[in-house]
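This is a predicted model, so every value here is computed, not measured.
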Amino acid sequence: MHPKLKRTENVTFLKKKKMKKFVLFICMTVCCALSANAQAQIKFDKQTHNFGSFPETEKIHKTTFTFTNVGDKPLIINQALASCGCTVPKYTKAPIAPGQKGQIEVTYKSDGTWPGHFKKSITVRTNGTVEMTRLYIEGVMTEVKK
């Protein structure tokens with residue numbers, strides 16, 4: 001009980017104090033919720049590229065995966081990791097502003113691999129709402145008769 005207030009005045013004083021805390025809590029909750037919705041988000045034009053059929057004498061094949069940051073915060077690619085050493089991704093290192101595009105260039109080196117169908121994956125990790133995306137390259141390397 002507040003020493004200088006009468007009992008009824010003290011009850012009103014405490015109710016106002018609790019109300020102020022409650023209003024402050026609601027304001028903070030709304031602000032946190034609104035800021036949590038503001039995030040980067042990656043969207044690829046395509047997630048699979050098929051090189052088709054090619055002879056084993058063609059050793060290097062390249063493709064580019066284009067993406068857009070459809071979120072409202074800068075997008076950062078933290079990592080692009082291939083499933084094997086024959087596939088090498090190269091990606092945009094700088095933050096991608098909202099609405100802007102970036103690229104992941106993928107090189108497939110078929111030297112030392114076996115003829116036939118192949119399918120390789122590239123795992124892309126970002127700071128976006130979708131933290132991990134898998135891209136795929138595939139094709140059929142045909143044996144050249146000697």
Which pairs count as salt bridge (charged side-chain N to carboxylate O under 4.0 Å, His left out) when at least one residue sits in [range], sequence neighbours excluded?
range	answer
residues 112-128	none
residues 41-63	K59-D111
residues 126-143	none
residues 88-105	K90-E105

Taking all non-hydrogen atoms of both residues, which atom of P89 and which atom of A80 are closest, and how far apart?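 Closest approach of P89 to A80, heavy atoms only: CG-O, 3.3 Å.
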
Taking every non-hydrogen atom, the tightest pair across A40 and N127: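 Where A40 meets N127 most closely, the heavy atoms are CB-OD1, 4.0 Å.
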
For the CD atom of Q103 and the OG1 atom of T66, what is their distance to the nearest 0.5 Å? 4.5 Å

Report the hydrophobic cluster partners of V106, with the cluster defined as I, L, V, M, F, W, Y residues connected by side-chain heavy atoms closer than 4.5 angstrom, directly or transitively.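 I42, F44, F51, F54, F65, F67, L75, I77, Y91, I96, I104, Y108, F118, I122, V124, L135, I137, M141, all in the cluster of V106.
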
Could you work out the complete set of other residues in the hydrophobic cluster of V144, with links drawn between I, L, V, M, F, W and Y side chains under 4.5 Å apart? none

Sequence neighbours excluded, which residues qualify as side-chain hydrogen bond (donor to acceptor under 3.5 Å, both in side chains) partners of T63?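 By the side-chain hydrogen bond (donor to acceptor under 3.5 Å, both in side chains) rule, T63 matches H49.
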
Residues two or more places apart in sequence or in another chain: which of them pass side chain to side chain contact (heavy atoms under 4.5 Å, CB included) with V130?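 Expected list: T133.
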
Holding to side chain to side chain contact (heavy atoms under 4.5 Å, CB included), I want the full list of residues that pass it with L81, two or more places apart in sequence or in another chain. Q79

Could you check whether any side-chain heavy atom of T129 comes within less than 4.5 Å of a side-chain heavy atom of Q41, counting everything from C-beta outward?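 Sidechains of Q41 and T129: in contact.
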
